Amino acid sequence: MLGGSIVVMKFIQIKNCYKVYKNGVTAVADLTLNIDKGEFVFVIGASGSGKSTLIKMLYREEKPTRGVVQLGGINVGKLRNRTVYKLRRKLGIVFQDFKLLPKLTVYENVAFALECIGMKNSEIRPKVLKALEHVGLKDKIRSFPNELSGGEQQRVCIARAIVNDPKLLICDEPTGNLDANTSKEIMEVLDTINKNLGTTIIMATHDLDIVKRMKRRVLVLDSGLLSKDYEKGSFRTSESV
Ligand code: ADP
């Protein structure tokens, strides 16, 4: 036997994590889990079970009250407020409501974050076009958000989220405002990004049909506790939460 031990660092490590809001509500309790690079993980559970709180702790919108949330070796809860922007630059985030800037075109919406960090136009252009190609919207670069369907707007948001090649894409109910067919298209886009770019994806959702179809790892939250952790492909169609 070889002497010593090799410690394998997980991409995301959450250890004995609690979030208690100022009003005394415990939104997340004693959460411990690891996520590997390249995984696609769903977070499900009833409304109020702590899904958004967990997601918010990953991008440091909320700090854990106790315990550790570690991302790529960085203890996110311990980051100083003035360095949180560095973490956010490495993440992509997609919300239920699209949050696109209405007076900017599709191209400009996707380019905006890169302009804000001072990237040169010559670097921005190929990145924006590549991101829009990944979501199948290269032919809409000059359109404004109000000229697009809901599904197309969400695809612009996904392009905006992946434009700077994040290692982690966080999605909070990304299909919440979309009909079943459009939701399916959005999931195909996310699936392709995960498979082709190797981007780790964490997605909170209410939509069990999507979860059942995708056959990925599923975390179930119940009153802030991790009640189940289904390995990839083991979430059964008969399961209810
Ligand atoms: P979910 O996303 O599963 O609906 P949330 O994480 O939004 O769950 O909420 C978990 C619990 O924390 C709920 O009881 C909710 O009312 C409470 N909560 C969420 N955000 C706040 C907040 N900013 N202040 C106080 N309580 C909150």
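None of these values were measured; they are calculated from a predicted model. First listed ligand is number 1; within each ligand, the first listed atom is number 1.
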Return a table of donor-acceptor pairs under 3.5 angstrom between the side chains of residues 117-132 and protein atoms on other chains or two or more places apart.
| from | atom 1 | to | atom 2 | distance (Å) |
| --- | --- | --- | --- | --- |
| K127 | NZ | N164 | OD1 | 3.4 |
| K127 | NZ | D165 | OD2 | 3.3 |

Give the table of side-chain donor-acceptor pairs shorter than 3.5 Å for residues 214-225, with sequence neighbours excluded, one pair per line with atom names and distance.
| from | atom 1 | to | atom 2 | distance (Å) |
| --- | --- | --- | --- | --- |
| R216 | NH1 | N194 | OD1 | 3.0 |
| R216 | NH2 | D191 | OD1 | 2.7 |
| R216 | NH2 | N194 | OD1 | 3.3 |
| R217 | NE | D229 | OD1 | 3.0 |
| R217 | NH1 | N34 | O | 2.9 |
| R217 | NH1 | E39 | OE1 | 3.3 |
| R217 | NH1 | E39 | OE2 | 3.0 |
| R217 | NH2 | N34 | O | 3.1 |
| R217 | NH2 | D229 | OD2 | 2.9 |

Exercise for review: Could you pull out the closest heavy-atom pair between Q154 and Q96, with the gap in Å?
Suggested key: NE2-O, 3.9 Å
**Study point:** Protein residues that have a heavy atom under 4.0 Å from any atom of ligand 1, sorted by chain and number
**Key:** Y21, N23, V25, A27, A46, S47, G48, S49, G50, K51, S52, T53
Check your understanding: Counting only heavy atoms not in R66, do more than 12 fall under 6.0 Å of its CZ?
Key -> no
Review point. F40: what forms a ring-ring contact (aromatic ring centres under 6.0 Å, His included) with it, not counting sequence neighbours?
Key: F42
Review point. Looking only at heavy atoms, which two atoms of P64 and C17 are closest? And how far apart?
Key: CB-SG, 3.7 Å
